[in-house]
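Please read all numbers here as calculations on a predicted model, not as lab measurements. When a residue number appears, it is its place in the shown sequence, counting from 1. As the structure lists them, so they are numbered: ligands from 1, and atoms in each ligand from 1.
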Amino acid sequence: MAERLPGLVVSGYGGFYQVRLENAAVIDCKPRGRLKQSFAKIYPGDAVTVSLLDDGSGMIESIGERRSFLTRPNIVNLDRVVIVLAWSLPDYDLLLLDRLLVLAEMAGVQALICWNKMDLCPASSRPVFRRLQEIYQRNGYPVFGVCAQQPDTVEPLRRALGQGISVLAGPSGVGKSSLINVLLGAAHAEVAAVSDRLRRGRHTTRYARILPLGERTADGFLADTPGFFTLSLPDDFITANLPLCYPEFRRCTGCRFDGCMHDKEPDCAVKAAVKAGEIDEERYRRYLRLLQELKDREVKY
Ligand code: GDP
Ligand code: ZN
């Protein structure tokens, strides 16, 4: 039997897949017949084993278990989402940021925050940025202040994307495409021309590729298409899960009631922590707004 090599699916279209082997070579592959039946599809991010054929192409023999699944673009085994905001043009919206963080928590992926267009942040507003950076970092979300037009400023973010698969997400106009170009650099430009012919127009938001962020596999991979996130929490979102999506609430123990929603309940450890200044009051207020939104929806159904 031919040797089986481990690989990572980096792109796929119409039954043909590109698989990156451990020596960084990317080969064209087709799935073996029985895989076509047992799996509806193979996606970028899939860990596969391939056997090499005489013509230099490969046959996908098996697909590893999937840890996560993102739609639009369709990518599996996502490790990390970078939530991109702009300092201005458009102005950042912290309620939207918290919504996206909740979605990342629900999806079980690590979230990083990238504040782009920091060239538009005047020196007098720097303390505001540093305060926000401090609040979110304290809760476990690394915060980067960058300017896509000054590639040097993007380096710390690039280093944080080592290992695993990342995707950029955020509202339109904040600079996601600009940042993808900076982060992927030459690798991106090289293949962009070919793929644009293959993936014309509206398909691009669904058929993403993951491209290497460096020469070594350990440098990580980035989707060449920004993630699509609905701005509202999904319809099937369970209200009781909302407080679990806040790292600073998870650390608070000692609410009188199990399943405390940290709203009107007495003897609430979260509210006490807000009062004591240990939890940021503004973020807590935004939490209450999201909670109210979910409750209003429950009444409607
Ligand atoms: P996307 O919709 O999130 O993909 O945003 P784009 O990458 O298309 O960028 C939107 C606009 O913002 C473009 O006109 C960019 O040139 C501009 N832009 C991107 N990054 C920066 C930045 O760091 N500073 C400034 N001033 N403008 C930027
Ligand atoms: Zn509570």
* Answer yes or no: are there more than 12 heavy-atom neighbours, outside Arg285 itself, under 6.0 Å from its atom CZ? => no

* Can you label the angle between the Tyr284 ring and the Phe249 ring as parallel, tilted or perpendicular, going by 30° and 60°? => perpendicular

* To do: Look at the rings of Trp87 and Tyr92 and say which category their plane angle falls in: under 30° parallel, 30 to 60° tilted, over 60° perpendicular.
  => tilted

* No-hydrogen, no-angle side-chain donor-acceptor test under 3.5 Å, Ser51 and Glu3 -> no

* Which N, O or S atoms belonging to the protein are less than 2.8 Å from the Zn ion (ligand 2)? -> Cys255 SG, Cys260 SG, His262 ND1, Cys268 SG

* Structure fact -> Residue shell for ligand 1, any heavy atom closer than 4.0 Å, reads Asn116, Lys117, Asp119, Leu120, Cys147, Ala148, Gln149, Pro171, Ser172, Gly173, Val174, Gly175, Lys176, Ser177, Ser178

* Evaluate whether atom CZ of Arg138 has more than 12 neighbouring non-hydrogen atoms of other residues, nucleotides or ligands under 6.0 angstrom away. => yes

* For the pair Arg131 and Asp280, find out whether any cationic side-chain nitrogen is under 4.0 Å from an anionic carboxylate oxygen. => yes

* Heavy-atom donor-acceptor pair, Asp46 side chain to Tyr43 backbone, under 3.5 Å -> yes

* Asked: Is it true that Glu248 and Arg251 make a salt bridge, defined as a side-chain N closer than 4.0 Å to a carboxylate O?
  -> no

* Asked: Which word best sums up how the rings of Tyr287 and His262 line up, parallel for under 30°, tilted for 30 to 60°, or perpendicular for over 60°?
  -> tilted

